[in-house]
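Following: one structure in structure tokens, then a few remarks.
Atoms within a ligand are numbered from 1 in the order they appear, just like the ligands themselves. Throughout, numbering of the chain's residues begins at 1 and tracks the sequence.
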Amino acid sequence: MAPRKTLIFHVDIDAFFASVEQVLDPRLKGKPVIVGNGCIASCSYEARRFGLGAGMSLREAVKRCPDVIILDGSEKVYRCYSRSVFEHCLRIAPSIETFLDEAYLDLSGTEGLYGSPFGPAAWLKETIHKETGLTVTIGIGRNRMIAKIATKDAKPDGIRWIRPEQEDETLIGLPIARLPGVGPKIGKRLGHLNVKTIGDLRQVSEESLVKIFGKIGSILHMRCRGEDTRVIHAREIPRTISRETTFHKETRDRDEIEGMLHYLSERAGLSLRLLGLETRTVEVNVRYEDFQSNSAQRSLPRYTRLDGDIYETALELLHRIDTRRVNLRHLGMTLSGFSTHHATQLGLFDPQGEIQRVQLQETIDEVRRKFGHQSLVIGKSLNLLGKLEEESYGFVLRTPSLTK
Ligand code: TTP
Ligand code: MG
């Protein structure tokens with residue numbers, strides 16, 4: 001059997017933190033911007049022209065570029081942006097692996113669907129830019145290492161495909177530090193052996209490399225030949241998705257309790273949709289101020305990914321279990337019984353109504369993705385307005401939600 005042809009995209013956000021700051025405050029566009037505390041974490045391409053780069057001390061940065069704009073940054077905001085970028089990646093690849101601002105997409109076997117990889121790559125870049133304001137660079141290759149090397153060559157705002165037949169000519173001339181796995185320490189030892197390029201490394205036998213570096217020696221021997229056996233690990237499908245919180249102050253206020261349940265349903269529902277799942281089982285649990293607790297779960301008649309269905313079931317469960325006249329301290333909900341098939345799209349029962357509900361949900365998600373969750377406070381979540389602090393991500397809960 002012929003070996004399976006693989007195709008990997010490596011998507012990396014350009015000057016990630018600094019670019020988000022430039023999107024949020026357009027006055028920063030075109031200016032040298034750095035984000036960091038003590039030293040540079042991220043640096044706009046305008047700042048790089050002055051010789052600034054990640055890891056450099058801020059003092060040195062100011063010396064080289066007196067007009068540089070230095071910002072502290074906010075991890076939470078950056079995470080929202082990377083999440084949004086990754087969501088778009090999931091629109092072209094069934095399986096992606098993500099790190100802070102980069103994603104590996106496994107597009108193996110999609111040639112029949114997309115033809116040349118430049119098509120989906122260009123579409124992805126354009127969509128990400130339109131939806132988030134950020135630019136990404138996409139490297140394409142037969143494995144993740146080749147794809148990453150291609151990204152580096154195409155930075156910023158580029159696309160580069162290193163085809164299998166171009167690998168040798170591309171790799172051999174590259175400085176040895178560009179080979180994934182070669183950090184400063186290994187680089188230095190290789191330098192002593194007069195190995196300066198990836199091509200030079202090919203001249204060293206595997207035996208010698210293993211003698212010097214141990215196990216990593218074999219890996220280097222493979223990598224300098226363009227081989228990388230690491231696979232793309234898709235996101236794991238969790239067994240459950242939970243959202244829970246402790247009330248800021250114990251409460252018996254029905255509006256507040258139902259409002260919170262609605263909000264937790266929305267947050268759990270969003271996670272469900274981001275993972276491309278549908279759920280069939282909803283569980284609600286309560287804990288009272290005397291620490292007694294109660295919980296119940298129910299299976300839905302069919303799979304759903306709609307907040308409305310989740311909340312409706314959760315509310316029924318709440319009414320069933322919350323029968324004491326004692327203040328509530330804690331409220332939680334858990335979704336389980338997942339499916340990756342989108343049964344609701346089929347609209348078996350009321351096709352028209354069902355399609356409309358799905359479309360409405362998608363529109364709500366879209367608006368929130370663009371303008372923040374709090375741009376649309378709807379349904380019973382309205383009961384929480386004025387009771388809880390808000391930020392664009394959502395209401396500020398006392399217990400941050402957890403996904404298990
Ligand atoms: P990188 O992708 O390495 O850098 P970048 O996105 O700023 O620039 P480019 O990809 O265009 O070369 O890292 C992504 C983010 O990780 C970066 O914006 C900030 C953060 N980071 C740190 O916090 N500390 C560091 O030392 C580095 C290198 C990055
Ligand atoms: Mg980056």
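Between E250 and V326 the shortest side-chain heavy-atom distance does not fall below 4.5 Å.
Less than 4.0 angstrom separates some heavy atom of Y45 from each of these atoms of ligand 1: 9 (P), 11 (O), 12 (O). Every atom of ligand 1 with a heavy atom of S42 under 4.0 Å away is listed here by number and element: 7 (O), 17 (C), 18 (O), 19 (C). Numbered from 1 in the order shown, with element, the atoms of ligand 1 that lie under 4.0 Å from a heavy atom of D14 read 11 (O). Near F16, meaning under 4.0 Å from any of its heavy atoms, are these atoms of ligand 1: 5 (P), 6 (O), 7 (O), 18 (O). Atoms of ligand 1 found under 4.0 Å from any heavy atom of A54 (numbered from 1 in listed order, with element): 28 (C). In summary, the atoms of ligand 1 found under 4.0 Å from a heavy atom of D12, numbered by their order in the structure, are 2 (O), 10 (O).
The number of protein N, O or S atoms lying under 2.8 Å from the Mg ion (ligand 2) is 3.
Between A15 and ligand 1, at least one pair of N/O atoms sits closer than 3.5 Å. Annotation: F17 places an N or O atom under 3.5 Å from an N or O atom of ligand 1; distance criterion only.
Inspection of the E258 and N383 side chains reveals no N or O donor paired with an N or O acceptor under 3.5 Å.
The side-chain tip of R64 does not point at the ring of F50 from less than 6.0 angstrom away and within 45° of straight on. Judged by the 6.0 Å distance and 45° axis criteria, R83 is not positioned over the aromatic ring of F86.
When the options S44, C39, A41, G53 are ranked by their closest heavy atom to atom 19 (C) of ligand 1, first place goes to A41.
Atom 10 (O) of ligand 1 lies below 4.0 Å from at least one non-hydrogen atom of the protein. Distances from atom 6 (O) of ligand 1 to the protein include at least one heavy-atom value under 4.0 Å.
Contacts between E102 and ligand 1 below 4.0 angstrom, taking non-hydrogen atoms only, are absent altogether. With a 4.0 Å heavy-atom cut-off, ligand 1 is reached by the side chain of L100 but not by its N, CA, C or O.
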Please test H373 against Y263 for ring pair (Phe, Tyr, Trp, His ring centres under 6.0 Å), starting from the C-alpha separation and ending with a verdict.
CA-CA 11 Å; H373 187 96; Y263 181 63; 5.6 Å; yes
Might you work through the side chain to side chain donor-acceptor pair (under 3.5 Å) test for S242 and E244, ending with a clear yes or no?
CA-CA 7 Å; S242 297; E244 58 188 313; 5.6 Å; no
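Assignment of R48 to the shell around ligand 1 is supported, since a heavy atom sits closer than 4.0 Å.
Residue R160 is tested with I149, T151, I140, T170 for a side-chain contact (heavy atoms from CB on, under 4.5 Å); the sole match is T170.
At least one donor-acceptor pair closer than 3.5 Å links the side chain of R142 to the backbone N or O of G226. Judged by distance alone, the side chain of D101 and the main-chain N or O of F16 form no donor-acceptor pair under 3.5 Å.
The nearest pair of heavy atoms linking S375 to R368 is OG-CA, 4.1 Å.
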